[in-house]
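What follows is a single structure, written as structure tokens, with notes after it.
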Amino acid sequence: MLWNTLLLALRAIRRNLMRSFLTVLGIVIGVAAVITMVTLGNGATQSVSDQIAGMGSNLLMLRPGQRFGPGSEGAPNFKDTDIEAIRNQIGSIEAVAPVVNKTATAVYQAKNWSTVVTGSSNDYFQAGNWVIASGRSFSEAEERAGKAVCVIGETVRDKLFGRRNPVGSEIRIKQFACEVIGLLKSRGQSAMGSDQDDAVVMPLHTVQRRLTGNLDVNMIMISVRNSAAIDAVKDQVTRLLRERRNIAENEEDDFRVMDPRQISETLTGTTRILTMLLGAVAAVSLLVGGIGIMNIMLVSVTERTREIGIRLAIGALEREVLLQFLIEAVVLSSLGGLIGIALATGATIGLARLMGIPFLFDAGINLLSFLFSAAIGVLFGFFPARRAARLDPIEALRHE
Amino acid sequence: MTGAAALIRLSAISKTYGSGQAAFQALKGIDLSVAAGEFVAIMGPSGSGKSTAMNILGCLDTPTTGRYEFQGVAVEGMTRNQRALLRRHYLGFVFQGFNLLARTTALENVELPLIYRGDPAGSRHQAARAALEQVGLKGWEHHSPNELSGGQQQRVAIARAIVTRPAVLLADEPTGNLDSRNSREIMDLIAALNRDLGITVLMVTHEPDMAAYASRVVHFVDGLVESDRHNGGHA
């Protein structure tokens with residue numbers, strides 16, 4: 001009986017292709033919206049955590065002040081000597097890099113570009129996972145003497161030199177000339193959306209002497225040898241700096257040790273919540289699509305009253321008519337689900353490329369949406385189907 | 001009017017619509033027996049109860065009181081599903097308005113009762129083609145109703161009614177929507193099916209010309225059988 005009823009349902013759908021298409025449109029859009037939102041959200045989450053992982057492995061970042069970001073003004077900066085102390089007194093450390101940032105305009109011939117100059121050491125490249133694409137990093141003598149040499153990022157190269165190789169050329173920063181000795185491998189946008197390639201890196205002393213005019217250090221980056229040691233190093237560094245900064249036992253830290261894994265967790269947590277919210281909104285549209293199916297099925301039952309009368313007169317059982325209409329609804333909604341999945345796959349691939357995030361095919365959400373659309377067919381198809389099955393054949397045949 | 005051998009036997013059938021003050025008695029006690037192989041025309045003015053009688057005979061409706069035996073089995077107390085199965089296996093219907101499924105080929109229309117009967121695809125196609133050939137529509141299998149003339153549509157409907165080899169063909173004003181030439185062709189066809197296949201035919205009509213094809217004419221007036229007589233022969 002099931003097979004024959006399926007045949008009848010398929011024939012009924014084929015007879016009314018246009019109406020069938022309009023019936024499933026709501027489901028198509030709902031399923032496509034749910035899958036697109038969730039897949040793009042997953043891609044965005046993945047991209048955020050990828051980029052934070054790309055910042056450096058087993059990295060700790062130290063900043064003055066009690067919070068990450070604004071509000072750090074009151075606390076004193078770190079000193080050169082803090083770096084030495086950390087390097088000498090704490091084990092399990094691979095690299096310790098001081099960081100001094102200063103906005104400045106870089107000039108080459110007739111072109112200029114406003115960028116951020118970072119004063120640091122070779123450890124900066126190691127801790128920050130930077131790769132020198134061409135040229136070299138600083139020599140020990142250059143670091144010690146504070147020579148006017150720099151390693152530039154891809155964006156700065158592009159703005160000042162175009163496609164030319166910048167290594168060996170001199171750029172002017174404020175009042176002094178600086179030899180470009182290396183070019184950083186491009187890394188694109190950071191998780192927060194800033195351009196990581198917009199960078200000029202010089203020896204710490206060069207920046208302190210020629211740009212900031214003091215011995216302050218804005219930030220310290222520490223690369224820990226293995227991830228298991230991160231928490232221990234964090235504690236040791238905190239204790240050491242409290243001591244060096246004369247913080248009393250009962251006072252709070254006036255600096256902060258940030259672990260990018262924490263940032264990663266916070267940010268991916270946020271995108272995950274956003275994904276769920278967007279998915280939920282889209283799921284509502286799927287539900288509306290289901291109500292659309294019920295609506296059109298009800299109209300269809302009225303419109304097809306005579307047809308139902310014919311079927312009943314010929315000898316169709318009540319449950320056969322019920323099953324036929326139910327199958328029609330389920331076939332339509334499942335078909336809508338499949339079309340929605342196809343549409344979502346196309347849209348997601350295109351949008352992911354446009355937004356620069358990875359396309360992560362999520363079999364779970366595809367399957368779930370499909371099953372949900374089929375369930376909607378059963379749920380919203382049942383009422384119209386029962387109405388059809390209960391028609392009186394005599395009345396139905398008389399229906400105009 | 002044979003006794004024990006009757007295919008259909010109605011005894012004191014009445015049908016009342018509504019209740020109390022608004023009650024309307026459409027049939028007031030009908031006795032009617034039809035033997036296998038008969039061709040019975042049912043005539044009468046509007047409101048005479050002939051359509052009600054036809055619905056009861058076709059097991060689409062149940063009588064309020066009385067007894068209806070089909071092949072010796074009481075059907076007046078059957079459930080909706082039992083009556084559906086009875087229609088499926090023993091009865092064929094032809095309507096005034098043809099009642100074919102729109103946008104569906106002649107072949108698929110004729111196949112419909114066989115699908116409900118659960119016939120496999122192969123024998124179903126074969127039987128449907130044979131039925132269409134029998135009503136003279138060989139070559140029209142893949143035309144849908146809107147591509148067929150009224151006469152042709154009624155032939156498809158007849159093919160659909162006889163494809164299950166029913167014991168009884170119930171025709172409700174089968175020529176009501178047709179011109180006189182097509183009417184005669186349809187009546188010739190029904191008479192031939194009655195004569196050649198032995199299908200019992202019950203036909204409602206208000207045209208004496210069409211009733212003349214029947215072997216027996218029953219007149220209804222005011223919910224009662226007014227006259228019941230045998231025709232001299234086929235026209």
Side-chain angles (χ1 to χ4, degrees), chain A residues 1-23 299-328 331 385-400, chain B residues 15 17 26 51-52 54-56 58-62 79-105 107-121 124-125 144-146 156-157 160-164 166 170 172:
Chain A
M1 178 172 117
L2 194 69
W3 177 246
N4 284 324
T5 314
L6 181 70
L7 177 71
L8 292 171
L10 290 179
R11 283 186 177 177
I13 290 170
R14 197 187 57 197
R15 280 168 57 208
N16 285 300
L17 270 186
M18 187 64 188
R19 183 173 58 200
S20 303
F21 174 72
L22 289 174
T23 310
V299 171
S300 167
V301 167
T302 309
E303 228 176 62
R304 289 161 66 186
T305 298
R306 213 179 161 86
E307 174 200 324
I308 295 161
I310 297 167
R311 291 180 189 279
L312 291 170
I314 279 173
L317 299 176
E318 208 173 303
R319 64 168 184 272
E320 285 169 332
V321 174
L322 180 103
L323 201 63
Q324 180 191 331
F325 273 76
L326 206 55
I327 288 176
E328 280 183 38
V331 166
R386 200 184 55 173
R387 177 181 278 198
R390 292 196 173 168
L391 285 173
D392 174 16
I394 300 168
E395 291 297 323
L397 281 170
R398 229 177 262 155
H399 191 269
E400 288 306 318
Chain B
K15 180 71 185 178
Y17 294 107
S51 290
T52 305
M54 198 64 169
N55 286 337
I56 290 171
C59 293
L60 291 166
D61 206 350
T62 47
T79 65
R80 195 175 141 115
N81 274 339
Q82 286 172 325
R83 281 184 284 123
L85 290 172
L86 187 84
R87 292 197 295 273
R88 176 186 294 186
H89 291 285
Y90 297 98
L91 306 179
F93 289 89
V94 176
F95 306 95
Q96 179 177 1
F98 318 140
N99 280 341
L100 299 174
L101 296 189
R103 296 181 295 282
T104 302
T105 64
L107 192 68
E108 285 183 8
N109 263 296
V110 176
E111 272 180 8
L112 198 60
L114 299 178
I115 294 179
Y116 284 114
R117 218 169 63 174
D119 286 16
R124 196 172 70 212
H125 290 313
S144 55
N146 62 340
V156 175
R160 182 180 64 189
I162 62 162
V163 74
T164 56
L170 295 114
D172 191 357

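Atom CG of B:Asn109 sits about 8.0 Å away from atom CD1 of A:Ile314, to the nearest 0.5 Å. Atom CZ in B:Arg83 sits 12.0 Å away from atom CG in A:Leu317 (nearest 0.5 Å). Taking CZ of B:Phe98 as the reference point, atom CD1 of A:Ile310 lies at 12.0 Å (rounded to 0.5 Å). To the nearest 0.5 Å, atom CZ of residue B:Arg103 and atom CG of residue A:Leu17 are 10.0 Å apart. Between the CZ atom of B:Arg87 and the CG atom of A:Leu312 there is a distance of 7.0 Å, given to the nearest 0.5 Å. Here the OG1 atom belonging to B:Thr105 is positioned 7.0 Å from the CZ atom belonging to A:Arg11, to the nearest 0.5 angstrom.
Residues B:Thr104 and A:Arg15 bring a donor and an acceptor atom of their side chains to less than 3.5 Å of each other.
Within the 4.5 angstrom heavy-atom criterion, only side-chain atoms of B:Glu111, from C-beta onward, approach chain A. Contacts between B:Arg117 and chain A at a heavy-atom distance below 4.5 Å are absent for every atom of the residue. Heavy-atom distances place no part of B:Leu91 under 4.5 Å from chain A, backbone and side chain included. Contacts between A:Glu395 and chain B at a heavy-atom distance below 4.5 Å are absent for every atom of the residue.
In this structure, A:Arg311 contributes its side chain and B:Leu112 its backbone to no donor-acceptor pair below 3.5 Å.
Taking 4.5 Å as the heavy-atom cut-off, the residues of residues 299-307 of chain A that approach chain B are A:Arg306, A:Glu307, ordered by number.
Residues B:Arg80 and A:Ala389 come closest through the heavy atom pair NH2-O, 2.7 Å. In this structure, A:Pro393 and B:Leu60 approach most closely via the heavy-atom pair CB-CD2, 4.0 Å. For the pair B:Ala84 and A:Ala316, the tightest heavy-atom approach, listed with the atom from each and the gap, is CB-O, 3.8 Å.
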